[in-house]
Amino acid sequence: MNGSARPLPLLLGALLLAGACGTPSTPETPTPTPPATASAAPAATDSSAGSLITVPDVSGMNHQDAQNAMQAAGLYNLREVDGKGEGRALVVDRNWVQTGQSPAPGTQVTPDTVITLTAVKYTD
């Protein structure tokens, strides 16, 4: 009895594996892919190139608030830098204060421009 109980799980596993690897019994009809329209790609490019955003001044702000201000302005490509040059990660944004930014406040940029926010810990 004990010897016959072991092959059953192996047999069931082999049947499940064989069923998963088999081909479907009825062929599936491929769904046709609609052709891409030529006007879709240029419209996205034109809209991002044509609109300019004024970079807000986030000097002295809490880092989280500075990020929120940039995003509210439509700037999402944010890079953060440790102002002490130690390469620390700004893990808890509210523990950091802004000491610099690039591009400078008031600069007109496209929405995809990289905005570098430099900050130090409040305890530095």
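- Shortest non-hydrogen contact noted between Pro111 and Ser51 is CD-O, 3.4 Å.
- The side chain to side chain contact (heavy atoms under 4.5 Å, CB included) test applied to Ala119 returns His63, Leu90, Trp96, Gln98, not counting sequence neighbours.
- For Pro103 against Ile115, the heavy-atom pair with the smallest separation is CD-CD1, 3.6 Å.
- Under the 4.5 Å side-chain contact rule for hydrophobic residues, Val81 and Met61 do not share a cluster.
- Counting only heavy atoms from C-beta outward, the side chains of Thr110 and Leu52 approach each other to under 4.5 Å.
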Could you tabulate the donor-acceptor pairs under 3.5 Å formed by side-chain atoms of residues 70-77, not counting sequence neighbours?
{"from": "Tyr76", "atom 1": "OH", "to": "Gln71", "atom 2": "O", "distance (Å)": "3.2"}
{"from": "Asn77", "atom 1": "ND2", "to": "Asp112", "atom 2": "O", "distance (Å)": "3.1"}

**Q.** Full working for side-chain contact (heavy atoms from CB on, under 4.5 Å) between Gln101 and Asp57
**A.** CA-CA 8 Å; Gln101 69 185 78; Asp57 185 0; 3.9 Å; yes
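- Note on Arg94 versus Asp65: salt bridge recorded, some NZ/NE/NH1/NH2 to OD/OE distance being below 4.0 Å.
- For Val120, the side chain to side chain contact (heavy atoms under 4.5 Å, CB included) partners two or more places apart in sequence, or in a different chain, are Lys84, Val97, Thr99, Asp124.
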(Q) Is there a side-chain contact (heavy atoms from CB on, under 4.5 Å) between Thr107 and Thr54? Walk through the geometry before answering. (A) CA-CA 6 Å; Thr107 305; Thr54 302; over 6 Å; no
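- Summarising the geometry, atom CD belonging to Gln108 is positioned 10.5 Å from atom OG1 belonging to Thr113; distances are rounded to the nearest 0.5 Å.
- If you chain together hydrophobic residues whose side chains sit under 4.5 Å apart, Val109 and Leu117 fall into the same group.
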